[in-house]
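Structure record follows, encoded as structure tokens.
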Amino acid sequence: MYFILIGVLFGFTLPIQAKSPAPINAVIEGELESIYEDRVKDSEIHHYINTKTGRVELKGNHQNLKHAKTGDRLRVKGQQLNSKTLALGSDSSSVTTMALGYYPATVGEQKTLVILVNFQDDPSQPYTPANAYDTIFARTSSWELENSYGKVWLKGDVTGWYTLPTTTTATDEFTLGRMARDIALSNGYDYSLYDHVIFAFPHTYRFGWWGLGALGGKTVWINGNLLSSVAAHELGHNFGLSHSHATYYVRGSGISYYANNGYPDFFTHEYGDIYDTMGGPDPQGDKSLTPHFSAFQKENLGWLNYGTSPLITTVSTSGTYAIEPMETNSLGSKAVKILKSTDSNGHRTFYYLELRRAIGFDSYLGTSGNTINSLLVHTAKELSPNSSFLHDMTHDYSSLNFGLSVGKAYYDSAAGVTFKAVLVGDSGATIQVVFSTPTCSRVNPTLSISPTYPYFVNVFNRDSADCPFSEFDFAADMGLYLRGGFSFQLPMFLYPGSNGDRQVYAVATTSVPGTYNFPVTVTNLDSNLQSTISGIFYNGVPTPTPTPTATPTATATPTPTPTPTPTPTPTPLPTATPTPTPNPNLPSLTPNSTSILTGSSVTMTWANIPNPKVGDFIYLVPISNTYSDIKYTSSCLSTPGTIARGKGSCIFTIPQAGLYVFYFYSDSTATYSLGTVIVTVGSGTNPTPTPTPTATPTPTATPSPTATPTPTPTPTPTPIPTPTPTPTPTGDTQAPSIPTALIATATSARSAKLSWNTSVDTGGSGLRGYKIYRNGVFINQVTTTTYTDNALSRKTTYSYTVSSIDNAGNESTRSTAVTVRTPVH
């Protein structure tokens with residue numbers, strides 16, 4: 001190795017009290033060592049140049065290192081910050097490859113040495129050498145053999161336990177590795193004779209990571225329990241693989257990884273590809289799971305589409321193509337590859353479509369969402385190992401539902417290609433690919449709403465089949481005498497021809513009996529087409545029960561069948577029953593009461609948590625549109641954050657009257673469960689109508705042919721005049737003043753608070769309240785000069801305006817718009 005230094009002399013140690021020298025230009029030559037640092041939720045890659053006099057970390061612009069691997073001899077230029085750090089220059093000349101180094105083989109036997117070490121202050125041995133041997137040379141080797149279609153396996157030795165002459169707080173990973181190699185060498189194990197060396201030791205908080213792997217190198221560090229999944233992941237880095245990422249759609253997030261159907265915004269996750277050991281490898285909270293690599297990663301290793309390996313079919317013309325399951329050891333095509341785009345340097349990005357089945361090491365997939373009944377869709381760029389992304393094709397925010405289901409088509413307008421999963425089965429899948437621009441006809445959605453509480457709004461996407469899926473937004477106008485609306489909901493995505501439900505809540509703000517309409521507007525955010533339907537709230541008046549066609553049990557007489565008076569039915573629902581099918585994977589929430597007095601307590605019992613995390617909690621949301629973030633309290637069964645609980649209970653004291661919704665919130669995924677529980681607080685009418693048994697007319701057993709036992713219809717509630725507490729003076733045609741000084745502040749990743757000055761009514765009818773508009777669409781009406789909007793998405797910019805309205809129905813011009821952007825957390 002050569003070492004050239006301009007302006008800096010390595011090995012010279014400044015006195016402690018001396019100031020660090022100012023950065024100077026420097027050129028260093030040596031051998032590159034790139035290390036992936038894998039933590040529980042994120043990762044970082046570190047680059048070092050090993051010189052004759054020491055190790056120098058390369059900071060700053062790593063773009064010019066993206067094609068270099070551990071062992072390459074490089075000459076780098078930049079700003080020398082101190083004796084151990086150099087900031088790389090930004091131009092391409094800052095990195096020059098002098099010679100290529102050691103590149104590990106990705107086929108054949110991989111001779112591996114496992115060195116077990118511990119510390120003077122922690123001489124524990126959390127597992128035996130026999131356990132370590134079984135983990136690496138039985139399970140991990142079997143996984144490599146299956147994953148590579150018989151091309152790779154592990155063979156080697158385990159040595160140790162050895163106690164290092166240091167403590168957990170007085171060493172770093174490189175010192176640990178050097179000491180471990182020296183001890184192993186003294187016991188007859190020569191490091192240089194192995195393809196891979198794994199340093200394994202008891203878990204120490206000195207390191208914030210669970211594994212390290214040299215990219216394109218031969219060394220692996222495992223902090224804590226020696227798991228096959230961790231070893232396979234880090235050995236993947238040794239083979240030269242980077243991480244397998246995922247994208248989750250979040251409208252307006254500002255993060256763009258592919259442009260599709262007008263959806264440029266995605267939230268990305270470093271380890272998000274839960275179906276690839278270079279992503280997860282933890283799809284169900286079980287770190288022992290080791291799924292197969294994706295098609296792109298296998299192609300990089302030569303395990304697919306190279307020599308005698310199974311094929312990948314590159315598609316450039318319209319047609320129907322067949323692929324085999326990724327797990328089967330056969331020579332047929334394992335994936336379809338479709339050109340997505342070409343950048344200015346001529347580098348191409350492809351779609352990779354693959355099929356997974358519950359076979360071998362992927363056998364757990366039989367319980368993992370929609371995976372085995374769909375196609376997994378990735379994108380990746382050639383010559384860019386860190387570009388693999390699994391794409392969320394369902395947008396239902398479930399971490400196990402990523403696949404493109406049978407019958408669903410995906411259209412990329414920029415690439416001019418549509419692909420569709422025609423058939424998926426145990427033996428393979430059929431994919432239809434069409435290179436053309438389909439004709440999409442957008443139509444207003446069809447709505448229906450359940451006639452009584454609980455109110456479910458059903459949306460039917462009537463767009464033509466050639467349209468992509470669309471996102472739908474919901475808003476309810478509760479007027480002056482109702483409070484409620486749509487509480488926090490995840491966005492709804494619907495393919496053409498499909499439908500979905502959202503629940504809207506309502507509670508009366510007046511004690512005057514009556515029937516009150518509340519219009520609900522649903523907007524297709526991709527076409528801006530919307531439809532409106534009205535629900536009816538019955539406050540203190542009989543709720544019309546859909547009278548079962550009263551077939552009075554009359555005595556059998558041969559008289560003509562009386563023509564029953566047709567029961568008035570609500571507008572026919574064009575789609576499925578509005579009550580959604582319960583999701584068995586969601587937790588159950590059970591209150592001890594659904595109606596309590598102000599200031600009383602409700603005990604919420606929660607159970608059936610499919611994958612409990614220590615950060616889970618219950619979320620209480622008043623329908624008054626302000627958040628009440630109540631996590632576990634002292635009245636919960638166990639201390640928060642200590643153990644993962646599959647069930648438990650919490651007591652909430654609710655000081656104000658109103659309607660409240662309880663959610664279960666999983667802190668690990670930052671998503672709400674869609675299972676909710678509603679509790680009414682206060683002395684007002686419980687909006688859940690007690691099903692008063694309709695007095696079924698007891699048919700008199702008089703066999704009179706003329707007795708047409710017309711079932712006494714539930715009396716249509718006599719329309720009670722809508723209460724008008726403030727008499728509306730006739731002739732008021734003047735709108736109140738425009739609200740001024742509107743301010744919007746993000747209060748969380750999901751909410752924003754608005755405030756404004758009081759308006760003045762000049763027409764004499766009196767000020768009724770204020771209407772709130774988000775992005776130009778009405779969302780609520782309030783009587784105060786503040787409002788909290790809780791139905792927002794992370795990292796999204798929103799625009800708000802407010803108008804005032806008087807008791808004569810005159811509405812002012814909307815205020816000056818203000819914008820607010822929600823944070824990530």
Test W209 against D38 for side-chain contact (heavy atoms from CB on, under 4.5 Å), laying out the working first. CA-CA 6 Å; W209 39 265; D38 290 308; 5.7 Å; no

Taking side chain as C-beta onward, heavy atoms only, is [X] less than 4.5 Å from [Y]?
{"X": "S448", "Y": "N458", "answer": "yes"}
{"X": "N524", "Y": "Q530", "answer": "no"}
{"X": "L494", "Y": "F472", "answer": "yes"}
{"X": "I805", "Y": "Q781", "answer": "yes"}
{"X": "Y275", "Y": "L390", "answer": "yes"}

- Query: When the ring planes of Y455 and F518 are compared, do they come out parallel, tilted or perpendicular, using 30° and 60° as the limits?
  - Reply: perpendicular

- prompt: Taking the six-membered ring for Trp, are Y798 and Y800 parallel (under 30°), tilted (30 to 60°) or perpendicular (over 60°)?
  reply: tilted

Requested in this report: Give a yes or no on whether the backbone of Y481 and the side-chain of T509 come within a donor-acceptor separation of less than 3.5 Å.
Outcome: yes

Hits for salt bridge (charged side-chain N to carboxylate O under 4.0 Å, His left out) against D477, two or more places apart or cross-chain, chain-then-number order -> none

*Evaluate the side-chain contact (heavy atoms from CB on, under 4.5 Å) criterion for residues W756 and I772: first the C-alpha distance (whole Å), next the side-chain angles of each, then the deciding distance (0.1 Å), finally the verdict.*
CA-CA 11 Å; W756 58 91; I772 316 296; 3.6 Å; yes

Please assess K753 against D789 for the test salt bridge (Lys or Arg N to Asp or Glu O under 4.0 Å), listing each intermediate value before the final yes or no.
CA-CA 6 Å; K753 183 175 182 179; D789 187 0; over 6 Å; no

- What about Y516 and F537, are their ring centers closer than 6.0 Å? no

